Novice: 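Take a look at the following structure, please.
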Amino acid sequence: MLLRQQPPPHAIFWRGSFFREKRNLQFRSLLEEGGDVVSGCGETIPPLELPGGGSHYHHQPTLPTAEMATFLTGDMPDDPIDFPPQSQAPGLRDLDAALRCSICGELFDGPVSLSCGHCFCSCCVRTSLSTKQECPTCRKPGNEDHIRPNPSVEEAVLAWKRARQHILHLSKQDTPASADQAESGRPTKRLKRTRKVDYDSDLECIPGPSSSASRSASITPLTPKRHERRKPVSKALIVRTPKKAGSPIPSSDVEESDEGKMTSRETDLVQCPICEKKVIMTNINRHMDNNCQDANDTRSTKSQWAQLMGNNKAKKNQTRREDNDLERLPKASYDALKDRVLKDMLKEHDLSVTGDRNALERRHQRWVMLYNANLDKSHVNRKTIPELRSDLKLWEEERGRRKKHAVQDIETYERQHKYEFQRLIEQARPKQGTKPSSARDDTPEPGSDATIHESSDVERPTMSL
Amino acid sequence: MDARLRRVNKEIADCKNDKTSNIKIDLIDESPFHLKGSFPGPEGTPYQGGHFEVDIVIPESYPFQPVKMKFITKVYHPNISSASGAICLDILKDAWSPVLTLKSTLISLQSLLCSPEPNDPQDAEVAKHYTTSKNSFEETAAYWTHIYAGGPGRSSSAPLKGDGQDEIAIAGLDPAHVSGFEALGFPKGKVIDVLRRLNYRGANAAKITEDRVVQELLK
């Protein structure tokens, strides 16, 4: 009964109805207008009847701005709520949320910790520290010197990135199925059972060592009818597994010799009577012939050690060398720099020197941040310098676009923001009407209404009462 | 999609998904960076039962700069301008942190309604009213909640007797005081204005001489 109240599967895995409502509205208005429908707007989203509550939303039939278009058509960024809620998949949302930066809301990109232990993307926290020198979470004072890379979290994020799609897929599969068999119980239970079945089937392939029970199980074809028998069998197997490790030689078992089927034991480990080492059954003769010196073994251990030591050494050297190569860039105090010096600093990193002084400063500042943040990642995850350069370029272009957008093409801008302008004009009108009268009334008194509000909008007054 | 848009997207989705917090975020116009937040007035306060709307503007460098918020709904509160809806709250100014979200900020506004801070006022007159006679302040705040935020009417108050009554109650004044000065021949609007400015309420009324009021009225 509980499950019946769930939203339909597409609502769970497709970001809330909010976006669909909005998109539909947008889509509809575009259709009504005969304007260009941004492709993808209506394709992925099944048409929904608009809920009654949707009507309070004041919708204006204007063309969407560029941002709105991305907002409506762009894929929703991945988010913890992609996963089913706590009741259906305990901990999945929390897990996803725990691996996200609290500043940008994305999975950690080059995670670093401050001295208080809070973890953020390197880029995010560097930007934050440049505005205010404190931990964004706990407000403990901090600065860029406190930044420490957090490779463990980085690894966890990488692993989670790889697993995320898969788990999402699994949970997607799981939920509709559990909704079907609503009376059979909670979906989590079903998940467990699936695993158990898998476990059983694994065991069928690898025959048990010595017990008749396991043997019978392995021979018995698995039919749905036998379903109830499987559980005890698997239990017996699980119990037996440690026992098997302790028992020295299984071949003394009477039942086994009776069975006479040895093929199944090819991979079993047996203890060598000479050196008491465990050796794979089929290799035991060769092992004893070689005076218990497993050639394969020794070589591998030796090479393993060599590899370990050698590799480590090489890696260490490499790390040291690379770290020497890639020193973190110092922050510059731009006020003290002449244009020429600043340009030289940019040229040093092959960055463009076009634009005014402000642009140069911002470009260098951003570059230092990108560069240093990149060094907070482990070697494999670092971007190359050309990649960083193109990142910087992208960032500048985006900033430029934002600014340009406000200036150029006045007519379209006016059309796009017609509603906003109208609203502002409407807001301003009544104020203009009342202002003269209130000004007449209130101006002499210093603590009067008008003066307080005007000044407090800019800076809040400290009143002594 | 740039980082700011992605984050705003997530935040709206998060609010939409959270059914327990009672915080809502809607679009106002065609920009995802101009939103309208709303929440119910906190229980056990004069704002109980009201529905408060907040205008939200997300700045260019969000989340490294605070969101701009102001009340659309008129609120009678020491830290909220009764005229413009401007809010005096540290996290909207210098105490902002990039880990704060639209939801957490709106929850902070909700709790600001629970605990006014009259020592750091946005609206000095309302703050004066609050500090001198809290009961009268709460009555006025509840009245504002009733007429502007759709809250329940005061059980004690008689049905509205027209605009005049309205004006006096909005100013949080005693109708007897207003009519007293009106009888001296001053226009009602002016009387309300002066009395409100002088905080001529409750026990404070006794401290202000009538001469002083008349002086103000004659100005």
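Computed from a predicted model, the values in this text were never measured in an experiment. In what follows, chains carry the letters A, B, and so on, assigned in the order in which the sequence lines appear, proteins first and then strands, with residues in each chain numbered from 1.
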Novice: Does some side-chain heavy atom of K418(A) sit less than 4.5 Å from a side-chain heavy atom of E30(B)?
Specialist: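 In short, these two side chains do not touch, never coming nearer than 4.5 Å.
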
Novice: E11(B) versus chain A, heavy atoms under 4.5 Å apart: side chain, backbone, both or neither?
Specialist: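 E11(B) has no heavy atom closer than 4.5 Å to chain A.
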
Novice: Look up atom CG in D14(B) and atom CG in D79(A), then write down how far apart they are to the nearest 0.5 Å.
Specialist: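 The distance works out to 7.0 Å.
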
Novice: Just wondering, do E398(A) and R4(B) contact through their side chains at under 4.5 Å, heavy atoms?
Specialist: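 No. Closest side-chain heavy atoms not under 4.5 Å.
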
Novice: At a 4.5 Å cut-off on heavy atoms, which part of T137(A) comes close to chain B: side chain, backbone, both, or neither?
Specialist: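 When you check distances to chain B, atoms from both the backbone and side chain of T137(A) fall under 4.5 Å.
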
Novice: Tell me the closest heavy-atom pair linking D94(B) and K132(A), and the distance in Å.
Specialist: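 In terms of heavy atoms, the two residues are closest at O-NZ, 2.5 Å.
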
Novice: Is the count of non-hydrogen atoms from other residues, nucleotides or ligands lying under 6.0 Å from N358(A) atom CG greater than 12?
Specialist: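 More than 12 heavy atoms, drawn from other residues, nucleotides or ligands, come within 6.0 Å of this atom.
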
Novice: Taking all non-hydrogen atoms of both residues, which atom of I28(B) and which atom of R423(A) are closest, and how far apart?
Specialist: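 Shortest heavy-atom contact: CG2-NE, 4.5 Å.
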
Novice: Does the distance from a Lys or Arg side-chain N to an Asp or Glu carboxylate O, for R6(B) and D78(A), drop under 4.0 Å?
Specialist: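 D78(A) and R6(B): salt-bridged.
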
Novice: Which one, C104(A), S128(A), S130(A), leads in non-hydrogen pairs under 4.5 Å with chain B?
Specialist: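 Most pairs with chain B among the choices: S128(A).
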
Novice: Within a strict 4.5 Å, meaning less than it, do heavy atoms of the T131(A) and Q65(B) side chains meet?
Specialist: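 Answer yes - side chains close enough.
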
Novice: If you count heavy-atom pairs under 4.5 Å between each of G105(A), P80(A), S102(A) and chain B, which one has the most?
Specialist: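 With the most close heavy-atom pairs to chain B, the winner is S102(A).
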
Novice: Verify the neighbour count for atom CD of Q86(A): are there more than 12 heavy atoms of other residues, nucleotides or ligands below 6.0 Å?
Specialist: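 Yes.
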
Novice: With a 6.0 Å cut-off (strictly less than), is the heavy-atom count around NZ of K103(B), excluding the residue itself, greater than 12?
Specialist: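 Yes, enclosed.
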
Novice: Give the minimum heavy-atom separation between R93(A) and N17(B), together with the two atoms involved.
Specialist: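 The pair with the smallest heavy-atom distance is NH2-OD1, 4.2 Å.
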
Novice: Might you point out which heavy atoms bring I103(A) and V99(B) nearest each other, and give the distance in Å?
Specialist: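 It is CG1-CG1, 4.2 Å.
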
